[in-house]
Structures are given as structure tokens and as C-alpha cells.
Amino acid sequence: MIKLLEKLGQNPQRSLTLFLRGLGLFVIGLLFVALGYINHHLWQIIGVAILGLACLIAAWGYLGIFANRWLNIIYRTRPNQKNSTNHNP
């Protein structure tokens, strides 16, 4: 499980960029849904498709951010292995 977390959280800047792009797409999808409410309903279908894609992109970015922070917590709370194995002087 640690290897998976390391793979997902290896680049937190890229994960943040993905999350923000997903958030931007989410806003664009909401605008299409609102446009479909005012005009033709096909705009709403396009908006819902964009919302689904935006949620997937934002979730993938957030997963990377979360994995990076979780790894930092795991590594910070893990006891130092050099000191714990050498008790004898």
C-alpha cells in the first residue's frame, strides 16, 4: 500500500494542477447547465457530461494531494529504524 501511495503522491504540484483544472471544468459545466435551463436542453446534457469529466479529473488530483499528505504523516510518525535496531553500544 505504501508503494501505491508513493506512486500517487509523487508529484503534489501536478496533482494540485489537475485538481484546479477539474474545478475550472466543473464551473464551466455548471455554466452549460445554466445555459441549458435558459435556452435549449441539449446545453444541459453537454454541461452534465463536462461535470462528470470535471469530477473525475478533480478527484484524481485530490487523490494525489491526499496520498502525498498521508505519506508525510506516515513518514513523520514512523520510528527511526537506525536508532531502534542498535540498542547495544
Side-chain angles (χ1 to χ4, degrees):
M1 185 165 137
I2 297 289
K3 295 291 183 189
L4 178 64
L5 287 174
E6 287 175 349
K7 178 68 177 163
L8 288 173
Q10 69 185 351
N11 194 351
Q13 290 84 13
R14 184 174 182 275
S15 296
L16 180 64
T17 302
L18 272 175
F19 177 74
L20 292 176
R21 285 182 182 172
L23 190 63
L25 276 175
F26 189 82
V27 171
I28 291 171
L30 287 178
L31 290 175
F32 273 107
V33 169
L35 182 66
Y37 181 73
I38 295 169
N39 292 324
H40 199 267
H41 70 278
L42 288 178
W43 290 109
Q44 284 183 330
I45 296 171
I46 294 170
V48 169
I50 292 173
L51 283 174
L53 179 66
C55 286
L56 289 175
I57 292 172
W60 186 255
Y62 189 78
L63 184 64
I65 294 168
F66 182 76
N68 182 270
R69 291 190 180 198
W70 195 5
L71 272 175
N72 285 336
I73 290 170
I74 289 172
Y75 288 148
R76 200 173 346 146
T77 59
R78 182 182 288 181
N80 194 356
Q81 292 179 355
K82 290 180 184 177
N83 293 337
S84 64
T85 58
N86 295 328
H87 289 293
N88 296 332

statement: Residue pairs meeting ring-ring contact (aromatic ring centres under 6.0 Å, His included), one or both in residues 40-59, sequence neighbours left out, come to Phe32-Trp43
With a 3.5 Å cut-off and sequence neighbours excluded, list the donor-acceptor pairs that the side chains of residues 59-76 form with protein atoms.
from, atom 1, to, atom 2, distance (Å)
Asn68, OD1, Asn72, ND2, 3.4
Asn68, ND2, Gly9, O, 2.8
Asn72, ND2, Asn68, O, 3.4
Tyr75, OH, Glu6, OE2, 2.3

field: Nonpolar side-chain network containing Leu42, other nodes, edges under 4.5 Å
entry: Ile45
- line: Joining Ile, Leu, Val, Met, Phe, Trp and Tyr whenever any side-chain heavy atoms lie under 4.5 Å apart, the cluster holding Leu51 also takes in Phe26, Leu30, Val33, Val48
task: Kindly work out whether a path of hydrophobic side-chain contacts (I/L/V/M/F/W/Y, heavy atoms less than 4.5 Å apart) joins Leu25 to Leu56.
output: no
Euclidean distance, Ile50 CD1 relative to Ile57 CD1, rounded to 0.5 Å: 10.5 Å
List, one per line, each side-chain donor-acceptor pair under 3.5 Å for residues 15-23, sequence neighbours excluded.
from, atom 1, to, atom 2, distance (Å)
Ser15, OG, Asn11, O, 3.3
Thr17, OG1, Gln13, O, 2.9

